[in-house]
K.L.:
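Before I ask anything, let me first share the structure, which is written out below as structure tokens.
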Amino acid sequence: MRILVVEDDEMLLDGLTVGLGLAGFTVDPVSTCEDAHAALSAQRYDAVVLDLMLPDGSGLDVLETLRGARNATPVLLLTARDQVPDRIRGLDAGADDYVGKPFDLDELAARLRALVRRGAGRPTARLEWRGVVLDPAQLTSSHHGAALKLTRREFAVLRTLMERPAATVSRTALEEALYGWQEEVESNAVEVHVHHLRSKLGADFIKTVRGMGYRLAEEGA
């Protein structure tokens, strides 16, 4: 799950990048409206965490530009300006949620998961497919009731596929779910993670669609 965090406090931005990363998110951090516009133009995100008071303008300008382009990416406003009129203005401008500073990181992560889940039309956070259960909130996994040990990136690959079980997911889309722009992507990273998942779940659990990407195999396929 890849998110954009727009926050001009360097220490807070670093903390959010690390903390949300440990919670299972891939984070792209920026600190200005200009960089936020550039990121949103170049990359698809599952959600955006947006501060209002930025050095080159208001986060509301970023939000209004996003919604003006009919981009429905969930946006959570994170700001010290949390008076009722501020919250109303932000929500009416197109924000999906609002968290005031100071805040609890675990709650912020939970709110982001809820936003993404609702945006995808899923009633619960748990993902299930052919005996595999993923819990993104607890970062736990099981296979036919037995604990399944996955690395962080294996979990991310499997989660991305299970969020779209009927679709073929491209290698590029999997890379985008795994790595932020500050991380170097090895040329065969996706293939290695898929190989490891197959060794744990069965060779037929993930199908390769030649020239297109990967998809989950149907039962009995």
K.L.:
Is any side-chain heavy atom of Val84 less than 4.5 Å from a side-chain heavy atom of Ile88?
P.N.:
yes

K.L.:
If you compare all heavy atoms of Glu176 against all heavy atoms of Arg2, which two are closest, and at what distance to 0.1 Å?
P.N.:
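Shortest heavy-atom separation between Glu176 and Arg2 comes out as O-CD, 2.9 Å.
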
K.L.:
If you measure from CG on Leu66 to CG on Asn71, what distance do you get to the nearest 0.5 Å?
P.N.:
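These two atoms lie 4.0 Å from each other.
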
K.L.:
Would the distance check show the side chain of Thr168 and the main-chain N or O of Arg215 forming a donor-acceptor pair, the cut-off being under 3.5 Å?
P.N.:
no

K.L.:
Any chance you could measure Ser41, atom OG, to Gln43, atom CD, to the nearest 0.5 Å?
P.N.:
11.5 Å

K.L.:
Is the side chain of Arg153 donor-acceptor paired with the backbone N or O of Leu178 at a distance under 3.5 Å, no angle test?
P.N.:
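A pair under 3.5 Å: yes.
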
K.L.:
Looking at side-chain heavy atoms only, is the closest gap between Leu216 and Ile206 below 4.5 Å?
P.N.:
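Yes; the side chains approach each other to less than 4.5 Å.
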
K.L.:
Following the transitive rule for hydrophobic clusters with a side-chain heavy-atom cut-off under 4.5 Å over Ile, Leu, Val, Met, Phe, Trp and Tyr, establish whether Leu197 and Leu139 coincide in one cluster.
P.N.:
yes

K.L.:
For the CD atom of Glu163 and the CG atom of Leu127, what is their distance to the nearest 0.5 Å?
P.N.:
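Reported to 0.5 Å precision, the distance equals 5.5 Å.
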
K.L.:
What pair of heavy atoms forms the shortest contact from Trp129 to Met162, and how long is it?
P.N.:
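Taking every non-hydrogen atom into account, N-CE, 3.6 Å.
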
K.L.:
Nearest 0.5 Å, please: how far is CG in Asp86 from CG in Leu77?
P.N.:
10.0 Å

K.L.:
Determine whether Val99 and Val27 fall in the same hydrophobic cluster, where Ile, Leu, Val, Met, Phe, Trp and Tyr are linked whenever their side-chain heavy atoms lie under 4.5 Å apart.
P.N.:
yes

K.L.:
Apply the test side-chain contact (heavy atoms from CB on, under 4.5 Å) to residues Val157 and Val190: give CA-CA distance (whole Å), side-chain angles for both, the deciding distance (0.1 Å), then the verdict.
P.N.:
CA-CA 8 Å; Val157 169; Val190 170; 5.6 Å; no

K.L.:
Are any of the side-chain heavy atoms of Asp204 and Arg130 separated by less than 4.5 Å?
P.N.:
yes

K.L.:
With side-chain contact (heavy atoms from CB on, under 4.5 Å) as the test, would you mind laying out the steps for Leu161 and Phe205 before giving the verdict?
P.N.:
CA-CA 11 Å; Leu161 292 170; Phe205 193 86; over 6 Å; no

K.L.:
Between Thr73 and Leu40, is the side-chain contact (heavy atoms from CB on, under 4.5 Å) condition met? List the steps.
P.N.:
CA-CA 10 Å; Thr73 301; Leu40 289 165; 5.6 Å; no

K.L.:
Under a 4.0 Å N-O cut-off, is there an ion pair linking Asp97 with Arg113?
P.N.:
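Result for this pair is no, no salt bridge flagged.
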
K.L.:
What are the two closest non-hydrogen atoms of Tyr179 and Ala189, and how far apart are they?
P.N.:
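Nearest pair, atom of Tyr179 first, then Ala189: OH-CB, 3.3 Å.
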
K.L.:
With side chains defined as the heavy atoms from C-beta onward, is the minimum distance between Arg111 and Leu115 less than 4.5 Å?
P.N.:
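Side chain of Arg111 against side chain of Leu115, heavy atoms only: no contact under 4.5 Å found.
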
K.L.:
So which heavy atom on His37 is nearest to which on Val62, and how close?
P.N.:
CE1-CA, 3.6 Å

K.L.:
Please confirm whether the backbone N or O of Gly180 pairs with a side-chain atom of Asp28, one donor and one acceptor, at under 3.5 Å?
P.N.:
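No; judged by distance alone, with no hydrogens or angles, the pair does not exist.
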
K.L.:
Taking the side chain as C-beta and beyond, is there a heavy-atom pair between Val75 and Arg67 under 4.5 Å?
P.N.:
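The answer is yes, as the side chains (C-beta and beyond) meet within the 4.5 Å cut-off.
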
K.L.:
Could you check if a side-chain atom of Leu134 sits within less than 4.5 angstrom of a side-chain atom of Leu150, using non-hydrogen atoms only?
P.N.:
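They are in side-chain contact.
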
K.L.:
How far apart are the C-alpha atoms of Asp51 and Asp9, what are their side-chain angles, what is the distance that settles it, and do they pass the side-chain contact (heavy atoms from CB on, under 4.5 Å) test?
P.N.:
CA-CA 10 Å; Asp51 188 15; Asp9 184 310; over 6 Å; no

K.L.:
Looking at OG of Ser31 and CG of Leu12, how far apart are the two atoms once the value is rounded to the nearest 0.5 Å?
P.N.:
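Separation between the atoms: 12.0 Å.
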
K.L.:
Looking at Glu34 and Asp56, what are the two nearest heavy atoms and their distance?
P.N.:
N-OD2, 3.0 Å

K.L.:
Report, as yes or no, whether the 6.0 Å neighbourhood of atom CZ on Arg198 holds more than 12 heavy atoms from other residues, nucleotides or ligands.
P.N.:
yes

K.L.:
Could you tell me whether Met53 atom CE has more than 12 heavy atoms of other residues or ligands within 6.0 Å of it?
P.N.:
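It does: Met53 CE has more than 12 such atoms within range.
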
K.L.:
Could you tell me if the side chain of Leu4 sits less than 4.5 Å from the side chain of Val30, heavy atoms only?
P.N.:
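A side-chain contact exists here, since the closest heavy-atom pair is under 4.5 Å.
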
K.L.:
Which heavy-atom pair separates His143 from Leu148 by the least distance, and what is that distance?
P.N.:
N-CB, 4.1 Å

K.L.:
Can you check whether Phe103 reaches Leu16 side chain to side chain, under 4.5 Å on heavy atoms?
P.N.:
yes

K.L.:
For the atom pair OH (Tyr98) and CZ (Arg89), what is the distance rounded to the nearest 0.5 Å?
P.N.:
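Reported value, rounded in 0.5 Å steps: 9.5 Å.
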
K.L.:
Taking a hydrophobic cluster as the set of Ile, Leu, Val, Met, Phe, Trp and Tyr residues connected by side-chain heavy atoms closer than 4.5 Å, whether directly or through intermediates, do Leu105 and Phe25 fall within one such cluster?
P.N.:
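Yes.
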
